[in-house]
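First comes the structure, then the notes that go with it.
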Protein chains: 2
Amino acid sequence: MNIMTFSALAEPSRLGMVELLRGGPLTVGEIADQLGLRQPQASKHLRVLLEAGLVEVEAVANRRNYRLRSEPFRALASWLDAYRNIWNERFDNLDIYLQKMQAEENKPQAGENEPKET
Amino acid sequence: MNIMTFSALAEPSRLGMVELLRGGPLTVGEIADQLGLRQPQASKHLRVLLEAGLVEVEAVANRRNYRLRSEPFRALASWLDAYRNIWNERFDNLDIYLQKMQAEENKPQAGENEPKET
DNA sequence: TTCAAATATTCCTTATTGGGTATATTATAT
DNA sequence: ATATAATATACCCAATAAGGAATATTTGAA
């Protein structure tokens with residue numbers, strides 16, 4: 001997984017931009033307007049998104065049309081897939097018990113198998 | 001989408017920790033070892049992951065067993081779902097053309113509908 | 001009580017990041 | 001050539017984050 005994807009999304013304005021661009025391409029000015037940003041900061045954040053590969057630009061005269069790229073989202077989804085097991089509460093109580101037992105084996109000092117009561 | 005999830009993952013050591021914990025719970029020392037970190041930085045990064053809700057701890061004597069929580073991964077997956085359209089290259093050439101046409105309508109200064117040739 | 005292991009916290013220092021403002025750049029129109 | 005709109009870049013400053021090293025805390029054992 002590319003860490004730049006996460007750092008690009010780890011900023012409110014930039015995450016907002018991505019959500020905004022879900023509706024389709026927008027210019028810098030439109031993005032700045034909708035998010036209440038000044039133009040320079042909008043440009044700077046878009047640059048970060050661009051370098052992270054999250055968006056791409058198309059120059060149309062004066063304007064720059066920014067839109068989402070699909071690749072990083074696909075990558076994110078496939079990375080997430082590796083965590084599907086966790087969905088199903090793989091580490092449920094039984095597993096935790098087994099893991100604890102296994103951890104005990106590292107220091108079988110006092111009682112061997114059955115800890116006597118009191 | 002909670003931004004803390006992204007900022008927590010936007011750091012190589014922490015992303016490494018998450019990947020590592022995919023295999024099951026580990027103690028601070030084990031994590032530090034496997035990632036070549038000093039213990040204090042391991043603890044500090046784990047704290048960030050903890051506060052982001054990505055992991056949880058279980059104290060067992062001296063040790064702290066850290067393991068992944070499922071919720072943030074579910075949240076991430078459901079957030080990603082909103083971007084599924086982009087998978088299918090929704091913004092293909094036709095869409096881009098239509099969007100460009102719509103953008104033109106904002107400044108219909110010269111030609112109204114049919115721009116005359118030459 | 002004293003010791004040692006595992007972990008957390010604190011302090012310090014440096015690097016990075018984000019906002020603000022001014023300015024440069026590019027394209028269109030006159 | 002000049003003016004204007006849209007955008008990018010540069011510079012400065014404050015806030016944040018990360019590593020290093022020392023220290024505090026907790027637990028089990030002698």
Side-chain angles (χ1 to χ4, degrees), chain A residues 3-18 20-21 25-52 54-67 100 103-111 115, chain B residues 3-17 20-21 25-52 54-67 100 103-104 106-111 115:
Chain A
I3 212 145
M4 292 187 66
T5 302
F6 289 127
S7 29
L9 296 172
E11 205 278 338
S13 301
R14 287 197 296 263
L15 183 56
M17 286 177 174
V18 168
L20 205 56
L21 289 173
L26 291 174
T27 69
V28 177
E30 293 167 332
I31 295 170
D33 271 359
Q34 305 231 21
L35 296 179
L37 297 175
R38 299 166 201 267
Q39 177 268 318
Q41 350 294 347
S43 282
K44 281 189 272 190
H45 283 307
L46 284 166
R47 187 188 224 274
V48 175
L49 290 175
L50 191 64
E51 283 169 356
L54 279 162
V55 301
E56 58 191 10
V57 216
E58 188 198 11
V60 176
N62 256 358
R63 321 279 177 86
R64 303 291 167 97
N65 274 44
Y66 283 86
R67 61 197 183 94
K100 247 188 285 193
E104 293 301 308
E105 291 178 8
N106 293 340
K107 39 150 201 165
Q109 305 283 58
Chain B
I3 212 144
M4 291 187 67
T5 302
F6 288 128
S7 28
L9 296 172
E11 205 277 338
S13 300
R14 289 197 296 263
L15 184 56
M17 286 177 172
L20 206 55
L21 290 172
L26 290 174
T27 68
V28 178
E30 292 167 332
I31 294 171
D33 271 359
Q34 304 231 21
L35 296 178
L37 297 174
R38 298 166 201 268
Q39 177 268 317
Q41 348 295 345
S43 282
K44 281 189 273 190
H45 283 306
L46 284 166
R47 187 190 226 274
V48 175
L49 291 174
L50 190 65
E51 283 169 355
L54 279 162
V55 301
E56 58 190 10
V57 216
E58 188 198 10
V60 175
N62 256 359
R63 320 280 177 86
R64 303 293 166 96
N65 274 45
Y66 282 87
R67 60 197 183 94
K100 247 187 287 193
E104 293 301 306
N106 292 341
K107 39 153 201 162
Q109 304 285 58

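A quick note: this is a predicted structure, and the numbers were derived from the prediction, not measured. Below, chains carry the letters A, B, ... as their sequence lines are ordered, and counting in each starts from 1.
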Whole angstroms only, please: what is the [atom1]-[atom2] distance between [X] and [N]?
{"X": "A:Asp33", "N": "D:dA5", "atom1": "CG", "atom2": "C1'", "answer": "14 Å"}
{"X": "A:Arg63", "N": "C:dA27", "atom1": "CZ", "atom2": "C1'", "answer": "11 Å"}
{"X": "B:Tyr66", "N": "C:dA6", "atom1": "OH", "atom2": "P", "answer": "15 Å"}
{"X": "B:Leu50", "N": "C:dT7", "atom1": "CG", "atom2": "P", "answer": "14 Å"}
{"X": "A:Ile31", "N": "D:dA6", "atom1": "CD1", "atom2": "P", "answer": "14 Å"}
{"X": "A:Arg38", "N": "D:dA8", "atom1": "CZ", "atom2": "P", "answer": "18 Å"}
{"X": "B:Leu37", "N": "C:dA6", "atom1": "CG", "atom2": "C1'", "answer": "16 Å"}
{"X": "A:Phe6", "N": "C:dT17", "atom1": "CZ", "atom2": "P", "answer": "17 Å"}

Roughly how far, to the nearest 0.5 Å, is CD1 of B:Ile31 from CZ of B:Arg14?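 Going from the CZ atom of B:Arg14 to the CD1 atom of B:Ile31 covers 13.5 Å.
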Drop me the distance from B:Gln41's CD to B:Arg47's CZ, to the nearest 0.5 angstrom. 14.5 Å
Does [X] reach the side chain of [Y], with side-chain heavy atoms less than 4.5 Å apart?
{"X": "A:Thr27", "Y": "A:Asn62", "answer": "no"}
{"X": "A:His45", "Y": "A:Leu35", "answer": "no"}
{"X": "A:Leu9", "Y": "B:Leu9", "answer": "no"}

Counting only side-chain heavy atoms from C-beta out, which of [options] sits nearest to [X]?
{"X": "B:Asn62", "options": "C:dG20, D:dT7, D:dT27", "answer": "D:dT27"}
{"X": "B:Ser13", "options": "C:dT9, C:dT7, D:dG19", "answer": "D:dG19"}
{"X": "A:Gln41", "options": "D:dA8, C:dG19, D:dA18", "answer": "C:dG19"}
{"X": "A:Lys44", "options": "C:dG19, D:dA8, C:dT7", "answer": "C:dG19"}
{"X": "B:Arg14", "options": "C:dT21, D:dT7, D:dA18", "answer": "D:dA18"}

Assign each of A:Arg64 and A:Pro40 to its nearest nucleotide of DNA chain C by heavy atoms, then name whichever residue's nucleotide is nearer the 5' end. A:Pro40
Can you find a donor-acceptor pair, distance only, under 3.5 Å between B:Gln39 side chain and C:dA8 base? yes
Between B:Val48 and A:Leu46, name the one whose nearest nucleotide on DNA chain D is closer to the 5' end. A:Leu46
On the nucleotide D:dA17, are OP1 or OP2 found under 4.0 Å from the side-chain N or O atoms that B:His45 carries? no
With a cut-off of less than 4.0 Å, is there a side-chain N or O of A:Ser43 near OP1 or OP2 of D:dT9? no
